[in-house]
Amino acid sequence: MRVYTIHLQRHTVSSQYNVIVISESFCWLAFVAAPLWALAHRMWFAALGITSAYALITLAAGIGGVDWKTTVAFVVGAALIVGFCANDWRRISLVSRGWYLAGLAAAIDKEAALRRFIDLHPEKLDPRPPTLTN
């Protein structure tokens, strides 16, 4: 089982919610193609920063006269760091764009995690405001 974070953003016009489920694990897509991954998730500055970091590593290795094996090791090391931090960066990006962390769910996949979260916390997706009871 994996742990997932559930992020919600309520539409301003309708009473529907947008839901994003993010895994608490290594992000293979960010490891392999970090700038494209960041652009796909609308993280423009992260894409620019990752591309700049890869370029600086390559440039510094070229200026320093480092052999190609060491340069590849540095780039793979940077890619590993990106892979481990990518989902956390995505969460931070969502919070800065108005989403909020609604909760956690442990399940076998994203759909099961969302179903489990809704089953355990149906009040979080209720569009009606809470009422006071006497």
Side-chain angles (χ1 to χ4, degrees):
M1 276 210 194
R2 287 189 176 171
V3 175
Y4 295 90
T5 56
I6 314 296
H7 300 268
L8 297 175
Q9 181 184 39
R10 186 171 180 182
H11 288 288
T12 56
V13 177
S14 70
S15 62
Q16 298 296 318
Y17 282 91
N18 283 334
V19 178
I20 293 181
V21 182
I22 301 175
S23 173
E24 285 278 341
S25 64
F26 186 82
C27 185
W28 285 100
L29 188 57
F31 170 71
V32 173
L36 297 175
W37 171 86
L39 288 174
H41 293 293
R42 298 179 51 207
M43 299 169 49
W44 318 122
F45 291 118
L48 182 64
I50 292 167
T51 304
S52 299
Y54 287 162
L56 285 174
I57 290 170
T58 307
L59 182 66
I63 291 173
V66 178
D67 64 335
W68 68 272
K69 291 180 183 177
T70 307
T71 303
V72 169
F74 284 143
V75 170
V76 169
L80 280 170
I81 292 171
V82 170
F84 280 112
C85 297
N87 287 331
D88 294 329
W89 293 343
R90 187 170 175 210
R91 285 182 198 87
I92 292 168
S93 174
L94 286 174
V95 168
S96 71
R97 287 187 274 152
W99 293 74
Y100 66 94
L101 176 65
L104 302 170
I108 198 157
D109 62 0
K110 287 183 178 185
E111 290 80 19
L114 184 57
R115 278 193 306 268
R116 179 174 283 182
F117 177 78
I118 291 170
D119 288 344
L120 293 175
H121 305 285
E123 73 281 356
K124 296 217 178 185
L125 292 175
D126 188 10
R128 295 171 293 175
T131 59
L132 296 173
T133 58
N134 290 333

Would you sort out whether Leu114 and Tyr4 count as a side chain to side chain contact (heavy atoms under 4.5 Å, CB included), showing the intermediate values? CA-CA 9 Å; Leu114 184 57; Tyr4 295 90; over 6 Å; no

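- With sequence neighbours left out, Phe26 forms a ring-ring contact (aromatic ring centres under 6.0 Å, His included) with Trp28, Phe31, Phe84.
- One finds the NE2 atom of His7 at 11.5 Å from the OH atom of Tyr100 (value rounded to the nearest 0.5 Å).
- Dense packing is recorded around CG of Leu120, with more than 12 heavy atoms of other residues, nucleotides or ligands lying under 6.0 Å away.
- Atoms CG and CD1, from Leu36 and Ile50 in turn, are 10.0 Å apart once rounded to the nearest 0.5 Å.
- A pairwise comparison of heavy atoms in Leu8 and Ala102 identifies CD1-CB, 3.5 Å as the closest pair.
- Side chain of Ser93 to main chain of Trp89: no donor-acceptor pair is present (N/O by atom type, distance under 3.5 Å, no hydrogens or angles).
- Nearest heavy-atom pair across Ala105 and Phe117 is CB-CB, 4.3 Å.
- Residues Val95 and Leu101 have side chains not in contact (no heavy-atom distance under 4.5 Å, counting atoms from C-beta outward).
- Between atom CZ of residue Arg2 and atom CD1 of residue Ile108 there is a gap of 10.0 Å, rounded to the nearest 0.5 Å.
- Within a 6.0 Å sphere centred on CZ of Phe74, other residues, nucleotides and ligands contribute 12 heavy atoms or fewer.
- Criterion: ILVMFWY side-chain heavy atoms under 4.5 Å apart, direct or through other members. Under it, Val32 and Leu80 are part of a common hydrophobic cluster.
- Of all the heavy atoms in Ala79 and Tyr54, the pair that sits closest is CA-OH, 3.4 Å.
- Taking every heavy atom of both residues into account, Val21 and Ala113 meet most closely at CG1-CB, 4.5 Å.
- Under the 4.0 Å criterion applied to side-chain N and carboxylate O atoms, Asp119 and Arg116 are not assigned as salt-bridge partners.
- In this structure, Trp37 and Met43 have side chains that are in contact, with non-hydrogen atoms separated by less than 4.5 Å.
- Atom SG of Cys27 and atom CG of Asp88 lie 10.5 Å apart (nearest 0.5 Å).
- Taking every heavy atom of both residues into account, Ala30 and Val82 meet most closely at O-CG1, 3.8 Å.
- Looking at heavy atoms from C-beta onward, Ile22 lies in side-chain contact with Leu94 at the 4.5 angstrom threshold.
- Counting heavy atoms from C-beta on, the side chains of Glu24 and Thr5 come closer than 4.5 Å.
- Taking every heavy atom of both residues into account, Val75 and Ile57 meet most closely at CG2-CG2, 3.9 Å.
- Proximity of Ile20 to Arg90: side-chain heavy atoms (C-beta onward) are separated by under 4.5 Å at one or more points.
- With rounding to the nearest 0.5 Å, the separation of OG1 in Thr51 from CG in Leu56 is 11.0 Å.
- Counting heavy atoms from C-beta outward, Ile118 and Arg115 have side chains that stay 4.5 Å or more apart.
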